[in-house]
Amino acid sequence: MAAAVTLQLGHYAGCVGAHWWGLQARGRGHLRGRRGAGRRAAEGRRFLGGRGQLQRSCQRGMFSVEMTLLHNGPFPDAPPPLSRLTAYQDVYSGGSVQVWSDYLKVHLHPKSVFVIHQYNHDGDSGRLEAFGQGESLVQDPVCLEELEDRLHFFVEECDYLQGFQVLCDLHNGFSGVGAKVTELLHDEYCGRGILTWGLTPVMHKTGQREKDFYRLMNTALGIVHLSSQSSLFCPLSLSGSLGIKSEPPITFPYINYDASLNYHSSAILAAVLDTLTVPYRLSTSQCSMMHLAEMLNFSGRKVVAALAAVPFPIVHGHSLPDTLGTHQQNVPWKLLSSYGEQKVSRCFAQSVVLRGICKENCNSNCPGKQPASALHACETAEQILQHYLHTLSPGAFSTSHVLKQPCHTLPPYPQFFSSLLTREGFLLDRPLSYSSTAVESIPVLTALQSSPVLHTVLYSLYRDLQKLDTRRWASFFSTGVEQDDFKEALHELRTLAQCYKTSFEADESEDETDSD
């Protein structure tokens, strides 16, 4: 049975991971595809064991090595469902949730948690805040030996190892940890997939130039190194910008989330991640981690953008063709790779997943009548979605998956949904009059795209860094990154950005910047 090992590197990665494991646990291990009934053979599951030492140690800087067993049975010890009011008033009010272990509701194997005692994830001192610190940490012989021992332990538990899922903080020193960890994986497990997700919480303007500079440098160095050592790399964030300029966080029409709470933003990203990874986790799919990466990373384009509609806006009682027909020009999803809330339509290649669509949602066409549109003439949900994608992006290589199973959102998943949603996450004409009913599940639409928008995302970061006088920030370079290393990484970032440039992109901004 195929398996993947998941590594969570950093506090925010832990936040996203905790929600992700909870979503999989509540899914009960049986994602169902449109074509195949039967339990999924590729559901994420932590290697079972004790959790005693985890709870408060998560307040310190740490990374955890998690086993994702691809298992066809139910998850043990799942918590009982809570009502929305219970979740709000007693347990998950938001402010009471401080660290990711507060809402981790699955068991961990004792070998999966590795606490870095030298650093804290909060406070004004003792933080793992620079890329060079992270690199040095993993290069320490004691740390390296411990990491390799844990990796080998979990890898040996796999009947067949697909590869590795790496969740890594991008904005702090864990980007350096991730750079060395992915290098280790690349060297020791050649031929296995390495899918890396560079995670950034919603960033608020601090007014402290040193912190802003550190964040920019960590992000740039992380993107360059993580993408070079991974099969596929995706920056994933609800923050409006990776660069210097502060942008409003990404918003969703039917979610009222607090962008200042990692508990909230990480929950949305976890729902996106759980859906994006379906192609290689679905038992009815022939796609593996490496197949997905090879499909999207041609021509040197190993960075991909994530897009999502959370929830997918389908009106209660309406069909999928009716819903997609109302979005003829633009898909109703948001770019989650940190460059504002711009619409993205063109792409080179994409992997699209739509979940939470039942048979009764597929078609409203009456037998014997002329179909209302080409979408209504399609017989299956897969055909409907594929036709829609081909119409919007006729030159792109598109693969798609449609699942009956929605994304389950019972607590500890936050209940931050609009009152316009039913219990199943479908839209209503008017708000519900009662607030005690939780939204138990939602339909979700996601895509991984190799897209020209990444030229803008990556080049904007390069441009911001090129304008800075790095000589003013000697403290950053005293942690292990040399000035020449930085210059080389900056050049590689620019080259990477150029991989996504098309004839549609203007050259004026680049010429102006390069002449400075």
Practice task
Answer yes if the side chains of Ser228 and His225 hold a donor-acceptor pair under 3.5 Å, and no otherwise.
Solution key: no
Completion exercise
In terms of heavy-atom contacts, Ala305 and Ser337 come closest through CA-OG, 3.4 Å
Fill in the blank from the handout: So CD of Gln449 and CG of Leu307: to nearest 0.5 Å the spacing works out to 4.5 Å
Problem - Close side-chain approach of Val353 and Pro279, heavy atoms under 4.5 Å - result: yes
Practice task
Begin from the C-alpha positions of Leu320 and Val402 and carry the test side-chain contact (heavy atoms from CB on, under 4.5 Å) through to its verdict.
Solution key: CA-CA 11 Å; Leu320 181 58; Val402 179; 5.7 Å; no
Exercise for the section: Check whether any side-chain heavy atom of Arg192 sits under 4.5 Å from a side-chain heavy atom of Leu185, and report yes or no. Expected result: no
Exercise for the section: Mark yes or no for whether His264, through its side chain, and Asp258, through its backbone, hold a donor-acceptor pair below 3.5 Å. Expected result: yes
Exercise for the section: For Ser112 and His109, run side chain to side chain donor-acceptor pair (under 3.5 Å): C-alpha distance rounded to whole Å, both residues' side-chain angles, the deciding distance at 0.1 Å, then the answer. Expected result: CA-CA 5 Å; Ser112 69; His109 189 280; 5.8 Å; no
Handout entry: Donor-acceptor contact below 3.5 Å, side chain Ser393 vs main chain His390
Key = no
Review item, side-chain donor-acceptor pairs of residues 13-20, under 3.5 Å, at least two apart:
residue : atom : partner : partner atom : Å
His19   : NE2  : Tyr263  : O            : 3.0
Trp20   : NE1  : Asp274  : OD1          : 3.0

Practice task
Report yes if some heavy atom in the side chain of Phe348 is under 4.5 Å from a heavy atom in the side chain of Leu454; otherwise report no.
Solution key: no
Practice task
Check whether any side-chain N or O of Arg281 sits under 3.5 Å from a backbone N or O of Thr275 as a donor-acceptor pair, and report yes or no.
Solution key: no
Exercise for the section: Would you confirm whether Thr446, through its side chain, and Val272, through its main-chain N or O, come within 3.5 Å as a donor-acceptor pair? Expected result: no
Completion exercise
Taking every heavy atom of Thr502 against every heavy atom of Arg346, the minimum-distance pair comes out as OG1-NH1, 3.8 Å
Practice task
Compare every heavy atom of Cys158 with every heavy atom of Val5, then report the nearest pair and how far apart it is.
Solution key: CG2-SG, 4.2 Å
Practice task
Measure the shortest side-chain to side-chain distance between Leu151 and Leu7 over non-hydrogen atoms and say whether it is less than 4.5 angstrom.
Solution key: yes
Problem - Side chain proximity check, Ile268 to Leu336, heavy atoms < 4.5 angstrom - result: no
Problem - Check: Ala267 main-chain N/O paired with Tyr413 side-chain donor or acceptor under 3.5 Å - result: yes
Exercise for the section: Report yes or no: does Arg355 contribute a side-chain atom to a donor-acceptor pair with the main-chain N or O of Val444 at less than 3.5 Å? Expected result: no
Practice task
Look at the side chain of Gln162 and the backbone N and O of Tyr280, then say whether any donor-acceptor pair between them is shorter than 3.5 Å.
Solution key: yes
Exercise for the section: Specify the closest pair of heavy atoms between Leu324 and Tyr388, including all atoms of both residues, with the distance to one decimal. Expected result: O-CE1, 3.5 Å
Exercise for the section: Could you check Ser265, Ser237, Ser266 and say which one makes a side-chain hydrogen bond (donor to acceptor under 3.5 Å, both in side chains) with Tyr12? Expected result: Ser265
Exercise for the section: Taking Ser451 for its side chain and Cys347 for its backbone only, find out whether a donor-acceptor pair lies under 3.5 Å. Expected result: no
Problem - Exceeds 12 heavy-atom contacts within 6.0 angstrom, atom NE2 of His327 - result: yes
Exercise for the section: Could you tell me whether the side chain of Ser227 and the main chain of Phe233 form a donor-acceptor pair under 3.5 Å? Expected result: no
Problem - Check: Ser398 and Gln386 side chains under 4.5 Å, non-hydrogen atoms - result: yes
Exercise for the section: Of all the heavy-atom pairs spanning Val304 and Ser450, show the shortest one and how long it is. Expected result: CG1-N, 4.3 Å
Practice task
Would you check, one step at a time, whether the test side-chain contact (heavy atoms from CB on, under 4.5 Å) holds for Leu261 with Phe416?
Solution key: CA-CA 12 Å; Leu261 295 178; Phe416 46 23; over 6 Å; no
Problem - From CG (Leu242) to CD (Glu247), nearest 0.5 Å - result: 11.0 Å
Completion exercise
Result for side-chain contact (heavy atoms from CB on, under 4.5 Å) between Leu232 and one of Val303, Thr196, Leu195 points to Leu195
Exercise for the section: Could you tell me whether the side chain of Tyr500 reaches within less than 4.5 Å of the side chain of Val457, counting heavy atoms only? Expected result: no
Exercise for the section: Could you give me the CA-CA distance, side-chain angles and deciding distance for Trp100 and Asn262, then say whether side-chain contact (heavy atoms from CB on, under 4.5 Å) is met? Expected result: CA-CA 9 Å; Trp100 57 266; Asn262 289 346; over 6 Å; no
Problem - Thr277 OG1 to Leu292 CG distance, which is reported to the nearest 0.5 Å - result: 9.5 Å
Problem - Distance, nearest 0.5 Å, that separates OG1 of Thr422 from CG of Leu420 - result: 10.5 Å
Handout entry: Heavy-atom pair with the smallest gap, counting every atom of Ser239 and Val202
Key = CB-CA, 3.9 Å
Problem - Asp169 side chain to His11 backbone, donor-acceptor under 3.5 Å - result: yes
Problem - From CG (Leu354) to CD1 (Ile314), nearest 0.5 Å - result: 8.0 Å
Completion exercise
Interatomic distance, CG@Leu421 vs OG@Ser441, rounded to 0.5 Å, equals 10.0 Å
Problem - Any residue meeting side-chain contact (heavy atoms from CB on, under 4.5 Å) with His387, in chain and number order, not counting sequence neighbours - result: Ala374, Leu375, Cys378, Thr391
Problem - Check: Leu167 and Leu273 side chains under 4.5 Å, non-hydrogen atoms - result: yes
Exercise for the section: Start with the C-alpha distance between His171 and Asn218, add both sets of side-chain angles, then the distance that settles side-chain contact (heavy atoms from CB on, under 4.5 Å), and finish with yes or no. Expected result: CA-CA 5 Å; His171 59 294; Asn218 292 328; 5.7 Å; no
